[in-house]
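The structure under discussion appears below in the form of structure tokens.
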There are 2 protein chains.
Amino acid sequence: MSSCEQCLVRNRAICSSLNAEELEVLNRIGRRQKISRGQSLMWEGDESLLVANVIEGALKLSTSTADGREQIVGVVYSSDFIGRPFGQTSPHTVTALTDAKVCSFTRSAFDGFARAHPELEHKLLKRTLDELDRARDWMLLLGRKSASERVATFLLDMSRRLAQSSCAGAGDLDRFELPLDRQQIGDVLGLTIETISRQITQLRTAGIISTPDRRTVIILDRTAMAEIAGASV
Amino acid sequence: MSSCEQCLVRNRAICSSLNAEELEVLNRIGRRQKISRGQSLMWEGDESLLVANVIEGALKLSTSTADGREQIVGVVYSSDFIGRPFGQTSPHTVTALTDAKVCSFTRSAFDGFARAHPELEHKLLKRTLDELDRARDWMLLLGRKSASERVATFLLDMSRRLAQSSCAGAGDLDRFELPLDRQQIGDVLGLTIETISRQITQLRTAGIISTPDRRTVIILDRTAMAEIAGASV
DNA sequence: CGAAAGGTTGAGTGCTGTCAACGTCCGTGG
DNA sequence: CCACGGACGTTGACAGCACTCAACCTTTCG
């Protein structure tokens, strides 16, 4: 019995704009879906057939060049919105980085519902404006920052966003588990896997971070990190 | 007597969602403004005090690192929307690339008006979603493409967008005037001025473009151009 | 005519990519 | 329990593309 009322992201997703009655309607057009790590939900260039709210887990949004170079253009977490409403085609591929749960809607049904509920469109607009700000920040990183600046910026951003997403103030902001492997970090930062590895090694050697295992990062010196992220050596 | 009814972008800007009555109200809270080339309308990090529709001209949106490296994160033309509604601070600096005219609103007045007019918010949402798609496309370019691919992609994109903006089917799609100087092209593509110059020289030498003067570009071989933009040599 | 701004070209360096070897972790099966 | 294999990550050597620095050319404008 999956119902919106007991939904984990009920108060953080765009649905928080709806009252019980409206939620009931939305519930009927929506569908809970489990996605296992590595599985894709939609593909770049395909017809935009569905949109969804992320309930749990992390997913990446990516595009590729004709010859296969990939760029991750976004990483979404629980309560984030995915898909392209009001458009014909999906602008990017969406793939689960961890096992995930989403609440999906056919695009046509969602578009119709959204148009009839301005409060929901408003939430979606605010969210989209935030995403745009984030994307443009990332453009500065991709266009103008060095490898060391990129990695430091990435780790700080990750620490912040993971803390936000596990809103139950899980405690240690400085210790977190990356939902991405080295290749994927490279795809986010526009760098190669080897460069990522070297930069992480360098941060570890400098005593700025510690890496108990491949996926875990502990930030030991946040100030130094911020300094590197800002203007680099 | 500047009135919305005779506005050049009346049918293309987000205002096209409004009827005569609503337009009258909007007209009262809006203000026509001329901006001369090089002048800025708002600054990155400042409080978000105004938003605007571009009536005429081209403007750049840019961000910088602490040590002054700049990245242009967007270029807007007539009928485009600028500013950050529903947010506290301007995420980037907006500067006129050419002499321009805009129709500006205080953010608070616009926010209020927008919330009361779902059709307008809907237009704004669609526009923002398009901008987000464009920004993410650009992330692929910045993260993964070579200098020659970037310049070719940029010129094709420019030709397309300038044709769109001067909607009066001004004729020659393959001949256009760049609103950007070499430095600014570099700031869009995440490259230096010298690299831009060399790449343009190379395209000219290869007979793919011609450059009658510093600002004018004529695309002679669109196919070759698209090939370079796609996967490069 | 001269100066300044913008653009082009050249020489050399350096950062990041490429290619390759090796190490580590982990699950599987003998 | 240990041997094996594969996925993932690290490290090294080297190369190449784009950056830096510098000189020079072109256009514009006072």
Side-chain angles (χ1 to χ4, degrees), chain A residues 36-38 65 67-71 97-98 141-155 177-206 209-217 228 231-233, chain B residues 36-38 60 65 67-71 97-98 140-155 177-206 209-217 228 231-233:
Chain A
S36 47
R37 179 176 178 162
T65 57
D67 61 340
R69 284 167 287 171
E70 181 171 328
Q71 177 68 43
L97 293 169
T98 63
L141 177 142
L142 293 172
R144 294 302 187 193
K145 290 191 175 181
S146 69
S148 54
E149 291 171 298
R150 292 187 201 196
V151 172
T153 306
F154 169 79
L155 291 174
E177 196 159 330
L178 296 168
L180 307 158
D181 63 28
R182 297 293 187 265
Q183 177 62 59
Q184 289 161 343
I185 298 174
D187 291 341
V188 170
L189 298 178
L191 297 169
T192 59
I193 190 172
E194 294 94 333
T195 301
I196 302 298
S197 185
R198 277 187 253 268
Q199 293 301 331
I200 287 182
T201 300
Q202 209 163 297
L203 288 172
R204 194 182 336 99
T205 308
I209 63 170
S210 137
T211 54
D213 68 70
R214 9 174 101 176
R215 295 276 186 161
T216 308
V217 175
I228 294 174
S232 186
V233 182
Chain B
S36 48
R37 180 174 176 161
K60 65 167 182 170
T65 57
D67 61 340
R69 284 167 287 171
E70 180 171 328
Q71 176 69 42
L97 293 169
T98 62
L140 176 63
L141 177 143
L142 292 172
R144 294 303 188 191
K145 290 191 175 181
S146 68
S148 53
E149 292 172 299
R150 291 186 203 196
V151 172
T153 305
F154 169 78
L155 291 174
E177 196 159 329
L178 295 168
L180 308 158
D181 63 28
R182 296 291 187 266
Q183 179 61 60
Q184 289 161 343
I185 298 175
D187 290 340
V188 170
L189 298 178
L191 298 169
T192 59
I193 190 172
E194 294 95 331
T195 301
I196 302 298
S197 185
R198 278 186 252 269
Q199 293 300 331
I200 286 182
T201 300
Q202 209 163 298
L203 288 171
R204 193 181 337 96
T205 308
I209 63 170
S210 137
T211 54
D213 69 70
R214 8 176 102 177
R215 293 276 187 161
T216 308
V217 175
I228 294 174
S232 184
V233 182

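Residue numbers start from 1 in every chain, and the chains themselves are labelled A, B, ... in the order their sequence lines are given, proteins ahead of strands.
- Counting to the nearest Å, the P atom of dT18(C) and the CD atom of Gln183(A) are 11 Å from each other.
- The environment of CZ in Arg215(A) is crowded: more than 12 heavy-atom neighbours from other residues, nucleotides or ligands sit within 6.0 Å.
- At least one donor-acceptor pair closer than 3.5 Å links the side chain of Thr201(B) to the backbone N or O of Ser197(B).
- For the pair Arg144(A) CZ and dA18(D) C1', the interatomic distance rounds to 12 Å; values are reported in whole Å.
- For residues 188-199 of chain A, proximity to DNA chain D is found at Glu194(A), Ser197(A), Arg198(A), defined as any non-hydrogen atom under 4.0 angstrom from a strand atom.
- Sparse packing is recorded around CZ of Arg37(A), with 12 or fewer heavy atoms of other residues, nucleotides or ligands lying under 6.0 Å away.
- Regarding Leu97(B), its CG atom lies at a distance of 16 Å from the C1' atom of dG6(C), rounded to whole Å.
- For Gln71(A) (side chain) and Val188(A) (main-chain N/O), a donor-acceptor pair under 3.5 Å exists by modelled atom type.
- In terms of the side chain to side chain contact (heavy atoms under 4.5 Å, CB included) criterion, residue partners of Arg198(A) (sequence neighbours excluded) are, by chain and number, Glu194(A).
- At the heavy-atom level, Arg215(A) lies nowhere under 4.0 Å from the strands shown.
- Looking only at distances, a side-chain donor or acceptor of Arg182(B) sits under 3.5 Å from a matching main-chain atom of Arg214(B).
- Applying the 4.0 Å criterion to OP1 and OP2 of dC15(C), one finds that Ser146(A) has every side-chain N and O outside that range.
- Between atom OG of residue Ser146(B) and atom CG of residue Leu141(B) there is a gap of 9.0 Å, rounded to the nearest 0.5 Å.
- Rounding to whole angstrom units, CG of residue Leu203(A) and P of dG9(D) are separated by 16 Å.
- What you find for Arg144(B) and Gly190(A) is that their closest heavy atoms are NH1-C, 3.6 Å.
- The interatomic distance linking Asp181(A) (CG) with dG6(D) (C1') rounds to 15 Å, in whole Å.
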For this session: Classify every nucleotide of nucleotides 23-30 of chain D by which part a protein heavy atom approaches to under 4.0 Å, writing B for the base, S for the sugar-phosphate alone and - for neither, in 5'-to-3' order.
Result: ---BS---
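- Spacing between atom CG of Asp187(B) and atom C1' of dC19(D) amounts to 14 Å, rounded to whole angstrom units.
- If you take CD1 of Ile200(A) and P of dT24(C), they are 18 Å apart, rounded to a whole angstrom.
- Straight-line distance from the CZ atom of Arg182(B) to the P atom of dA5(C): 18 Å, rounded to whole Å.
- In this structure, CD1 on Ile185(A) lies 7.0 Å from CG on Leu155(A), to the nearest 0.5 angstrom.
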